[in-house]
Trainee: 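One structure is given below, represented as C-alpha cells, and several questions about it will come after.
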Amino acid sequence: MTETLKTETLANRRVLLVIGGGITAYKALDLIRRLRERGASVCPVLTAGAQEFVTPLAAAALAGERAHTDLFDRAEEADIGHIKLARQADAVVVAPATANLMARMAGGHAADLATTILLATTLPILIAPAMNVQMWAHPATRRNRATLEADGVRLVGPNAGKMAEAETGPGRMAEPTEIADALETMLAEAGAAAPGLGFLSGRPSTAARPLSGRRVVVTSGPTHEPIDPVRYLANRSSGRQGHAIAAAAAAAGAAVTLVSGPVSIPDPAGVTVVRVETAREMLSAVAAALPADIAVFAAAVADWRPETEAGSKKIKKDGSGPAPLTLVENPDILSTVSHLETGRPPLVVGFAAETDTVLDHARAKIARKGCDLIVANDVSVAGGVMGGTDNTVHLIHRDGTLETWPRLGKGEVARRLVTHLAGLLGR
Ligand code: CTP
C-alpha cells in the first residue's frame, strides 16, 4: 500500500521573511525557495546589512514578488505601508537573526523597516540566530535571547558546527528545511492554542493535538561507548530525526521524555530531556521514563562496547602496536522494551537504518525485535540521511502492511509519523 502525500504543507500561508545582515544571508535565498516549494508565499524584507550580502533583486526574483528595504519609501508607503506589511501574513521569520538584530528586537528599536515591522507586528515570530560562537555565548546575547523568548519569540537553532571563521561551536544558522519545519510547527501550535485568532487561515484545531493526555518516550542521537577517558566508539547520528519526533509529539499534546545521546542540536521546546552517553545509560533512562503510551526508538545505539570498563587513565602507546579492543554486545533497548511482560507501551516503534535491501532487513527486524512498527530508512552514504536534514522512509507494520513516503524534511517525517501513531493508538 503506497500513499501519495501532498507536500504543500504551507499552502495558503504567507510569510514575512526578514533577512538580516550576516554571511548566512545567502541561505535565506534558499529558504525562500523551500518555503515556496511547500506552498507558502514569501514577502522578503532586507535590512541594510543584508543588502551587503544579497541583493533585493535576488530575493524578489526567488519570491516572485517585490522585496522591501526602506522605511521612508514614499511610493511604498502610499502603496502598502509598513504597518500593513506587518499584519498581512501568517508569521514573521527572521533569518539570519544576527546578534545586532536580536539586540535591536529585544530593545524594541524601530529605526529601519525590518525592526519597525518586528515591533508593529502581532504575528507569531520565528528567528534563526546566526553569529560567531563568542557572540552567541556573550551574556548580552543570552540576555537578549531570554527577553525575546519571554516576549513569545520562537527560536530555531543555532546549530553547532564549523563556522565561517574556522571556529567550531553553536552559532551556525539552522538549515532552511529545519527553519521551514519549525515554522510549520509554530503555525500548527499557534492555531491549536488560539483557535480564535483572525490572522491565521486554515489552521488545525483539536485535531492538531491528537496525543493530548498521552505519554511518549523517544530515544535519539548516537551513544558513545568509552574506550578510555578521551576516546569512544560512536556513529554519525545527528539526533535530528529523534528530536523532531519528540518535538512533534509535544506539539500534538503529549507529555514527552526525550532520552538523548550526545548531540550538538538544541533541545526541542516543551519536552523533558534526559541526557545520556552510553547504551546502558540509555536503557536505564528509558526504563525510568516508563510507563508510556508510545515508545519511539530513533537512537542509533552502538551495538557493541569495549569489554574493559574505561578507567581514569588514558591508554598509552607502549611500542607493541595497537592495543587490542575486545567488544561485548550492548543491551538492545528496543527489543527489551518490546518484550516487557508488564508495562509494555501499547505502541513500540523502532527504526531500521539500512544501507541495502532496506525492506527485507526491516521485515526481519520487526520479527526479531518484537515491535509494532518499523520506520525503515536508507542510510547509505549516497542518500545523505545520516547527519542530513531529509529522509525517505518506509513504514512496515507488524501485520506486514507497508507505506512508503516521499523524500521529506525530518520535521515533516516526524509530524506525519506522530499523526500516524495517534491514529494507530486510537484504533
Ligand atoms: N536499537 C536499540 N538498542 C540497540 C540497538 C538498536 O534500541 N542496542 C534500536 C534502534 O534505536 C532502532 C532499532 O533498534 O530503533 C534498529 O536499529 P539498527 O541499528 O537498525 O539495528 P540493529 O539491531 O543494530 O541491527 P543491525 O545493526 O544488524 O542492522
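The figures here come from the full heavy-atom set of this structure, side chains too, leaving out hydrogens, waters and symmetry mates. When a ligand or atom number is given, it counts from 1 through the structure's own listing order.
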Trainee: Can you tell me how far the NE2 atom of His339 sits from the OG1 atom of Thr336, to the nearest 0.5 Å?
Mentor: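 Output value for this atom pair is 9.0 Å.
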
Trainee: Is there a donor in the side chain of Asn159 and an acceptor in the side chain of Arg172, or the other way round, less than 3.5 Å apart?
Mentor: no

Trainee: As a test of understanding, state which of Val348, Ile374, Val375, Val217 forms a side chain to side chain contact (heavy atoms under 4.5 Å, CB included) with Phe297.
Mentor: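 One option only clears the test, and that one is Val348.
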
Trainee: For ligand 1, list the protein residues that place a heavy atom within a distance below 4.0 Å of one of its atoms, sorted by chain and number.
Mentor: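 These residues qualify: Phe297, Ala299, Val301, Asp303, Pro331, Asp332, Ile333, Leu334, Gly350, Phe351, Ala352, Ala353, Lys365, Arg368, Lys369.
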
Trainee: Distance alone, cut at 3.5 Å: any donor-acceptor contact between the side chains of Asn377 and Gln241?
Mentor: no

Trainee: With no hydrogens and no angle check, is any side-chain donor or acceptor of Ser338 less than 3.5 Å from a backbone partner on Leu334?
Mentor: yes

Trainee: Taking side-chain contact (heavy atoms from CB on, under 4.5 Å) as the test, write out the residues that go with Ala182, two or more places apart.
Mentor: Leu126, Val156

